[in-house]
Amino acid sequence: MLFFTVVLIFYLSLSQPVSATTSPLATLSYATYSGLTLPNNVNQFLGLPYAQPPLGPLRWRSPSPPLPSPSPSSQPIPATEFKPICLGAGVSYPTQGQSEDCLYANVWAPANATTKSKLPVWVFIQGGGYNALTNYNWNGSEVVEASGYGVVVVNFNYRVGIWGFLAGEGVELNVGLRDQRGLLGWVKREIVQFGGDPGQVVIHGASAGAGSVAMHLVAHGGRDDGLFHGAILESIFFPAQPFVGELGWQFDRVLNQTGCQGGNSTERMECLRGADVKVLQEVANHAQPFPGRPDPPLPIFYWTPCIDGELIEDLPYKLFKEGKNIKVPVMMGTASNEGTVFTPNITTSLEFTTHFSNNYPLLTDSDTTAILSLYTPPQFNTTPYFDPPNRAPLYSALATAYGESTFICPQTNVLNYLSTNTTDTSPTWAYRYNVHDDENTRDGLGVPHLWDAAAVWGPGNINPWDRTGSYRTYNKGLVGRVRGYYFGFVKYLDPNGGKLGTEPEWEGWVGGNETATMTTTRRRRRRLLFETGGTRMEVLGGEETQRCGFWLGLGEGRMEQR
Ligand SMILES: *[C@@H]1O[C@H](CO)[C@@H](O)[C@H](O)[C@H]1NC(C)=O
Ligand SMILES: *[C@@H]1O[C@H](CO)[C@@H](O)[C@H](O)[C@H]1NC(C)=O
Ligand SMILES: *[C@@H]1O[C@H](CO)[C@@H](O)[C@H](O)[C@H]1NC(C)=O
Ligand SMILES: *[C@@H]1O[C@H](CO)[C@@H](O)[C@H](O)[C@H]1NC(C)=O
Ligand SMILES: *[C@@H]1O[C@H](CO)[C@@H](O)[C@H](O)[C@H]1NC(C)=O
Ligand SMILES: *[C@@H]1O[C@H](CO)[C@@H](O)[C@H](O)[C@H]1NC(C)=O
Ligand SMILES: *[C@@H]1O[C@H](CO)[C@@H](O)[C@H](O)[C@H]1NC(C)=O
């Protein structure tokens with residue numbers, strides 16, 4: 001009864017919908033939600049629908065804004081539990097915690113924020129290789145508190161696998177990316193109700209989320225829809241992403257697997273939209289070899305965004321090169337050993353080359369031979385080469401090659417394009433995360449993919465990704481050191497605005513070579529290096545620069561990277 005009274009009183013005071021009760025309200029344009037004020041004075045709203053459930057006739061269509069709740073005087077809807085995430089490839093149905101009805105967002109905001117606060121908004125786009133969601137429901141409460149109650153944090157689910165990236169005649173393409181844009185539209189319309197500023201939104205993607213951020217930078221050839229004002233790309237992921245016309249084989253497989261191959265395009269789509277979720281999920285939503293490629297190994301990333309000619313007009317490398325990107329400040333970082341968690345423990349050259357051709361199916365034999373020789377000792381014996389214990393002979397070479405091809409060099413190459421176009425004066429920053437952890441080292445992982453995430457969000461907030469204890473012991477200091485720069489970027493679009501006093505000034509990234517006339521503030525190829533013992537600037541070396549040039553040549557062609 002007391003609870004109800006409290007809710008009612010605050011529901012009636014609509015001018016200040018976010019309030020410091022235990023059940024704060026958010027009065028959105030379509031319904032009112034009640035969240036929870038946490039002990040640290042952060043309001044938490046979980047499972048807010050940002051679109052209509054993408055079911056039946058709405059499958060493979062752009063997300064539609066949520067429908068208004070039936071009556072304006074209806075009870076606030078509890079937003080105190082996470083909702084299911086989107087169905088991932090390769091999981092059986094039904095699966096606990098995953099559903100086709102999955103377009104939900106979570107918000108953390110200072111309890112004392114009001115509609116007038118206009119705090120910077122930090123939107124996190126999780127990863128999972130576009131085939132699954134793997135960084136879901138990370139807890140934003142602690143970063144709101146640690147930012148001095150100065151930001152609003154949003155995270156959310158979007159469609160992946162067949163549900164987000166099926167491509168074919170009659171399918172609306174790349175709906176997984178369109179879900180993300182739908183969420184950004186929702187933020188624009190609704191975030192003021194949580195104390196956020198729709199005029200200062202920073203999108204921060206991790207892995208496929210960072211790949212997605214790259215695509216939002218070049219979406220519609222760089223048309224600025226005002227959805228965001230700064231971009232953080234943490235471990236940008238660039239798989240092969242084909243032109244839609246090259247994916248007929250994949251669509252045909254799905255039609256055959258679901259018995260929907262008959263009739264014209266309209267009838268086929270009706271059949272697919274009417275198909276049982278269990279059939280689509282279990283029979284069609286899993287990896288198979290790319291045409292002409294042996295099995296195993298299966299491609300790690302079977303469903304990916306495609307070049308649809310509209311949202312994604314062309315290969316993103318090409319769009320960045322031509323300056324067809326939104327001009328906003330950009331901060332990017334990768335870990336030293338991005339490839340290790342994706343790499344089988346291989347021994348032979350054939351396993352090495354097959355790994356590349358099965359994941360990048362347009363590569364020729366001479367391409368994969370060139371890759372092998374580039375990453376095989378003795379010429380490859382400098383940073384970031386590493387020598388993990390208990391691993392077969394070619395594991396390290398493959399891990400380094402895959403890490404550079406798919407994460408590390410896409411970062412360098414995109415930054416080079418952004419920073420050398422003289423009409424684009426938006427600043428760019430790069431970092432490398434080289435923070436040692438005993439358990440990662442023991443497992444032969446080096447400094448693996450997204451190892452920086454636990455420092456950003458804080459240990460305990462990104463389970464199960466912070467599986468080791470070093471962020472609570474000898475790497476404890478990294479949490480404040482890394483976060484400071486992130487807070488600076490989210491609040492001021494400049495990482496230096498929030499850095500700890502003990503940390504160095506982070507020089508912006510500028511591509512190309514040093515010349516005698518270069519000033520110290522525009523020095524070339526400088527990135528911030530995070531290590532256990534301290535932070536400093538480093539220069540990207542000549543060998544790594546050359547290897548990134550090698551990957552760029554393939555990426556604009558047979559790697560089909562965007
Ligand atoms: C909100 O509350 C926090 C502590 O709970 C405080 O640090 C902060 O200054 C307050 N912000 C405003 C705008 O009152
Ligand atoms: C998030 O973390 C806060 C502590 O910072 C905690 O009070 C809250 O229960 C957590 N939320 C969830 C959904 O686990
Ligand atoms: C689909 O089935 C038809 C008829 O059974 C067959 O001719 C065709 O090759 C199949 N396509 C694929 C991609 O499996
Ligand atoms: C598809 O086939 C149905 C049934 O034959 C027909 O009514 C419809 O007009 C066709 N649609 C198109 C776009 O050809
Ligand atoms: C730089 O970007 C602009 C668009 O902002 C584009 O017109 C121009 O061609 C680009 N410059 C180069 C050298 O690609
Ligand atoms: C990798 O393979 C080597 C031998 O080929 C073996 O000694 C080692 O234990 C394997 N490591 C792992 C982590 O499976
Ligand atoms: C930078 O210098 C290297 C040789 O040191 C050269 O191969 C490369 O083309 C130069 N790059 C640019 C952008 O000038």
Side-chain angles (χ1 to χ4, degrees), residues 15-22 24 35-44 57 60-61 107-122 140-153 168-172 191-197 200 251 255 259-274 296-297 337 339-352 354-355 376 386-400 402 437-446 448-449 467-468 480 483-484 487 490-491 498:
S15 62
Q16 186 154 333
V18 180
S19 56
T21 68
T22 53
L36 182 68
T37 301
L38 302 173
N40 63 349
N41 292 322
V42 170
N43 285 347
Q44 171 178 273
W60 299 300
R61 292 199 199 280
V107 177
W108 287 267
N112 55 5
T114 71
T115 52
K116 298 198 173 63
S117 298
K118 297 282 173 65
L119 298 172
V121 183
W122 183 346
S141 149
E142 194 186 302
V143 288
V144 170
E145 179 184 354
S147 73
Y149 297 87
V151 300
V152 172
V153 170
E169 193 189 347
V171 184
E172 196 164 339
I191 206 66
V192 72
Q193 299 299 329
F194 300 91
D197 180 359
Q200 190 170 340
F251 193 53
L255 294 173
C260 288
Q261 64 272 59
N264 61 31
S265 162
T266 312
E267 291 166 311
R268 288 195 295 268
M269 284 317 295
E270 271 175 20
C271 177
L272 284 176
R273 291 196 168 104
N337 307 106
T340 48
V341 295
F342 304 103
T343 303
N345 188 26
I346 61 158
T347 303
T348 68
S349 300
L350 182 62
E351 289 172 306
F352 183 106
T354 306
H355 181 89
T376 311
F386 74 119
D387 189 15
N390 304 319
R391 291 290 184 165
L394 283 177
Y395 168 79
S396 175
L398 180 60
T400 307
Y402 190 69
D437 173 89
D438 289 341
E439 288 177 54
N440 287 334
T441 302
R442 180 201 64 200
D443 295 344
L445 299 176
H449 187 53
R467 66 199 177 284
T468 81
R483 262 184 194 166
F487 291 152
V490 173
K491 289 181 178 176

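Each residue takes its place number in the sequence, starting with 1. Whatever order the structure lists them in is the order used to number ligands and atoms, beginning at 1.
Of all the atoms in ligand 6, the ones that sit under 4.0 Å from a non-hydrogen atom of N390 are 1 (C), 8 (C), 9 (O), 10 (C), 11 (N), 12 (C), 13 (C). Near A392, meaning under 4.0 Å from one of its heavy atoms, ligand 6 places the atoms 1 (C), 2 (O), 3 (C), 5 (O). Set against the non-hydrogen atoms of E267, the atoms of ligand 4 under 4.0 Å away are 1 (C), 2 (O), 3 (C), 4 (C), 5 (O).
A donor-acceptor contact under 3.5 angstrom links the side chains of Q44 and W108, judged on distance only.
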Begin from the C-alpha positions of Y149 and V42 and carry the test side-chain contact (heavy atoms from CB on, under 4.5 Å) through to its verdict.
CA-CA 8 Å; Y149 297 87; V42 170; 3.9 Å; yes
Verdict with supporting geometry, H449 and T340, side-chain contact (heavy atoms from CB on, under 4.5 Å):
CA-CA 8 Å; H449 187 53; T340 48; over 6 Å; no
Please report the C-alpha distance between E145 and N41 in whole Å, then the side-chain angles of each, then the deciding distance to 0.1 Å, and finally whether the side-chain contact (heavy atoms from CB on, under 4.5 Å) criterion is met.
CA-CA 8 Å; E145 179 184 354; N41 292 322; over 6 Å; no
Mind running side-chain contact (heavy atoms from CB on, under 4.5 Å) on L255 and L272 for me, showing each step along the way?
CA-CA 8 Å; L255 294 173; L272 284 176; 3.8 Å; yes
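Ranking the protein heavy atoms by distance from atom 12 (C) of ligand 1 puts N112 ND2, 3.3 Å first. The single protein non-hydrogen atom nearest to atom 11 (N) of ligand 4 is N264 ND2, 2.9 Å, given as residue, atom name and distance. For atom 13 (C) of ligand 4, the closest non-hydrogen atom on the protein side is T266 OG1, 3.5 Å. At the shortest separation from atom 4 (C) of ligand 1 among protein heavy atoms lies Y149 CE1, 3.6 Å. The nearest protein atom to atom 14 (O) of ligand 6, hydrogens excluded, is given as N345 ND2, 3.3 Å; this is a heavy-atom distance. Scanning all protein heavy atoms for the shortest distance to atom 5 (O) of ligand 1 gives N41 ND2, 3.5 Å.
Nearest approach of P389 to G444, heavy atoms of both residues: CD-CA, 4.3 Å.
Remark: atom 7 (O) of ligand 6 lies closer than 4.0 Å to no protein heavy atom. Within a 4.0 Å radius of atom 2 (O) of ligand 4, the protein contributes at least one heavy atom.
Counting only distance, with no hydrogens or angles, the side chain of D443 and the backbone of L445 share no donor-acceptor pair below 3.5 Å.
In this structure, E267 places its CD atom where more than 12 heavy-atom neighbours from other residues, nucleotides or ligands lie under 6.0 Å away.
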